[in-house]
Colleague: 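I'd like to ask you about the structure that follows.
Both ligands and their constituent atoms are indexed starting at 1 by order of listing. Note: hydrogens, waters and symmetry copies are ignored here, and every other heavy atom, side chains too, is used.
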Amino acid sequence: MRLAFVSLAARESPEALPLGAACAAAAVKAAVLASNRGLASNRGLASNRGLASNRGLASVEPFLLQAALGESADELASRIASSGAGLVGFSVYSWNRPVLAATSARLRQAATGTILFAGGPEATADPYGLIAEAGLDFAIAGEGEGPIARALAAILSGEALGDIPGVVLPVPSGPGVSEAATPASCAPPEDPAALPSPWLLGVIDPEACAGDVVWELSRGCPFRCAYCYESKGASGARPFPMERIEAELALFVRSGVRYAFVLDPTFDADAKRAGGILDLFRAKAPGIRWKFEVRAELLEKGLVRRFAALDCSLQIGLQSARRETLEAVGRPGFDRREFARRIATLARAGVTFGLDLIYGLPGDGLPDFEEAVDFALGLEPNHLDIFPLALLPGTELAERAGEFGIEADPGPPYLVRATRELPPEGVAGAAALAAACDRFYTAGRAVGWFRAALGPLRARPSALLRDYWSWLATRGAPSRDVSRQEASRAVEAEQLGFLDAVYGASGLAALLPALHDLVRLHGAWGRALADGTESLLALTYDPEEALGAAGSGLPAFVRTAEPRRAGWRVVPDEADGARIEPA
Ligand code: SF4
């Protein structure tokens with residue numbers, strides 16, 4: 001019997017790989033293989049967990065089915081039906097719940113006898129609601145590998161589902177039954193050493209991933225941030241065995257993987273293990289570009305040195321720049337100076353990094369958020385990702401929302417509407433600033449010249465971004481969703497137009513030729529490196545000298561530099577990534 005694991009990514013991205021669904025599929029595939037080998041129970045997966053028999057699984061063929069972005073529930077349901085799947089599992093997140101729940105409901109209405117179930121964060125947080133909305137036979141609360149294999153084995157063997165930890169059944173309807181009698185209990189966390197690898201089992205083929213993979217080196221997180229699902233359940237990171245990591249890495253190298261996003265929420269939680277893994281990556285996979293999520297306060301010298309020796313970028317959650325706010329959400333001990341010092345160590349070592357901020361956290365008003373943007377951009381991250389608070393059901397913050405005066409959308413993606421400190425107009429103001437930052441700074445690859453552009457204006461970063469957003473609005477409503485791949489030339493033209501306007505209005509027009517050179521050079525360099533495209537530039541100054549203006553400051557540069565107008569070409573270069581040559 002075919003078993004479809006259905007997923008839908010939030011957006012198109014090299015990081016949008018359905019790893020959760022693949023892990024569940026790998027668990028079932030391992031159980032099927034074990035069953036076919038005639039084993040009485042699946043070692044590791046099923047041991048001691050109440051799976052009486054997995055004989056029923058012998059004929060199950062799991063496969064992944066990815067919904068396309070924009071695909072309707074009707075289209076997806078018909079694609080699933082024509083795949084011949086008699087068992088269908090949905091991987092449900094806040095961003096895909098409406099479509100996947102509607103798809104499941106369509107399949108239920110078709111009354112084909114298909115077994116429907118769901119796992120993922122939404123199934124964990126709201127299993128009864130999801131079961132009712134999607135017409136599911138069962139939902140999985142918590143990590144899904146073990147419970148799914150056991151539930152399917154029981155169903156296919158004609159046994160009752162009974163009490164499988166993590167398996168939530170529909171509430172019986174009838175007179176006097178209006179809600180779940182007992183709250184759903186989560187499956188106990190899986191032991192990573194007992195989990196099969198979706199890569200090594202061939203559930204996902206790295207060669208089919210266009211060179212990009214997402215990779216789990218551990219499960220769980222040692223921290224307990226109040227807005228995060230990871231803070232629920234067992235605390236602590238649970239590492240996968242090094243033998244598995246080494247085998248997967250060897251597979252990635254053989255398969256020509258070029259980029260790997262390590263999903264561990266805090267890669268540097270265990271510095272010794274992280275250091276060993278970085279050494280392994282450097283020795284065995286020097287050609288792969290890496291992305292890690294780290295906590296700045298854990299970064300120590302040895303790790304920074306190892307990161308610097310790899311082609312990698314780090315993503316660091318700052319979230320707020322207010323100590324009290326961070327304390328309220330379970331991130332105590334924040335010290336701006338110490339945070340800046342750690343980031344400066346990274347920058348000095350030449351490690352690329354990006355920062356995250358969240359608006360709508362308890363205690364942060366609009367001025368606090370603006371100050372956080374100023375602080376973050378003052379650290380000169382490669383990019384700054386800003387998110388509205390999502391009040392995820394089941395998290396500590398959702399349970400304490402009344403105490404903090406937080407109001408949020410009742411349905412997915414549960415975005416903040418207002419807080420005590422941030423009324424609806426404040427939320428709108430923060431959203432506009434976030435969009436301006438995303439477009440001007442991040443999509444516009446402004447890190448190399450942003451500080452130089454701000455200097456003569458004596459403006460705060462947040463104020464400049466607000467002015468940019470207002471300026472942009474006078475030219476027609478800008479799209480708030482600029483993809484990183486959007487032609488950077490369009491954003492660059494906007495940046496130059498805006499800078500012309502503000503520098504002109506501030507009596508600084510004499511600095512514009514040097515600033516234009518800086519912006520254009522960095523834009524062209526970014527396109528050569530990231531997009532592999534060539535740019536032709538007409539510059540006022542020698543490019544080497546113009547790039548120096550970012551350090552010396554525009555006024556000092558213009559006072560001393562000799563204009564040398566000429567055409568230049570910025571081209572991708574295999575050895576150095578990019579090079580500049582006369583046109
Ligand atoms: S936000 Fe990150 S650090 Fe905090 S609990 Fe979640 S995964 Fe861990």
Side-chain angles (χ1 to χ4, degrees), residues 10 15 19-20 23 93-95 120-122 124-125 142-143 186 189-190 192 214-240 261-271 273-274 277 291-300 303 313-335 338-339 342-343 346 353-364 369 372 376 381 384-401 404 406 408 413-416:
E15 294 161 8
L19 195 64
C23 288
Y93 293 79
S94 60
W95 66 78
E122 285 292 302
T124 301
E143 292 180 27
C186 274
E190 299 285 356
V214 294
W215 195 16
E216 227 183 357
L217 306 180
S218 67
R219 287 263 170 102
C221 175
F223 299 100
R224 303 187 78 81
C225 306
Y227 49 80
C228 175
Y229 279 128
E230 292 285 355
S231 68
K232 303 295 282 184
S235 63
R238 289 165 285 132
F240 283 100
F261 175 23
V262 172
L263 286 178
D264 302 29
T266 311
F267 175 73
D268 54 345
D270 176 344
R273 177 179 154 90
I277 289 175
K291 179 174 168 187
F292 303 96
E293 299 198 331
V294 299
R295 290 279 291 247
E297 56 271 42
L298 301 178
L299 282 171
E300 41 97 298
L303 275 187
S313 71
L314 308 186
Q315 193 63 24
I316 300 169
L318 169 62
Q319 319 309 16
S320 167
R322 243 180 110 250
R323 187 186 180 96
E324 298 78 5
T325 295
L326 291 169
E327 217 152 80
V329 295
R331 297 170 72 99
F334 174 70
D335 178 330
E338 180 58 17
F339 189 91
R342 301 249 178 192
I343 295 292
L346 275 185
F353 65 93
L355 298 173
D356 293 337
L357 281 178
I358 299 175
Y359 60 87
L361 290 176
D364 272 357
F369 173 63
L384 176 59
D385 290 335
I386 304 176
F387 305 94
L389 172 68
L391 198 63
L392 301 173
T395 58
E396 184 194 331
L397 202 57
E399 282 155 19
R400 298 176 63 196
F404 290 122
I406 302 173
Y414 313 106
L415 298 185
V416 65

Colleague: Would a 4.5 Å heavy-atom cut-off, applied to side chains only, mark Glu293 and Phe261 as touching?
Modeller: yes
Colleague: Out of Arg295, Glu293, Arg224, whose heavy atom is nearest to atom 3 (S) of ligand 1?
Modeller: Arg295
Colleague: Check Glu396 with Arg224, please: is the shortest side-chain N to carboxylate O separation under 4.0 Å?
Modeller: no
Colleague: Can you tell me if Cys228 has an N, O or S atom under 2.8 Å away from atom 6 (Fe) of ligand 1?
Modeller: yes
Colleague: Looking only at non-hydrogen atoms, find the nearest pair between Pro413 and Ala390 and report the distance.
Modeller: O-CB, 3.6 Å
Colleague: Is it true that Arg219 and Glu190 make a salt bridge, defined as a side-chain N closer than 4.0 Å to a carboxylate O?
Modeller: no
Colleague: Within the 4.0 Å heavy-atom shell around Pro265, which atoms of ligand 1 are there?
Modeller: 7 (S)
Colleague: Enumerate the atoms of ligand 1 whose separation from the nearest heavy atom of Cys225 is less than 4.0 angstrom.
Modeller: 1 (S), 3 (S), 4 (Fe), 5 (S)
Colleague: For Thr266, counting its heavy atoms only, list the atoms of ligand 1 lying under 4.0 Å from any of them.
Modeller: 3 (S)
Colleague: Test Ile316 against every option in Asp268, Asp356, Val294 by the side chain to side chain contact (heavy atoms under 4.5 Å, CB included) rule and name the one that passes.
Modeller: Val294
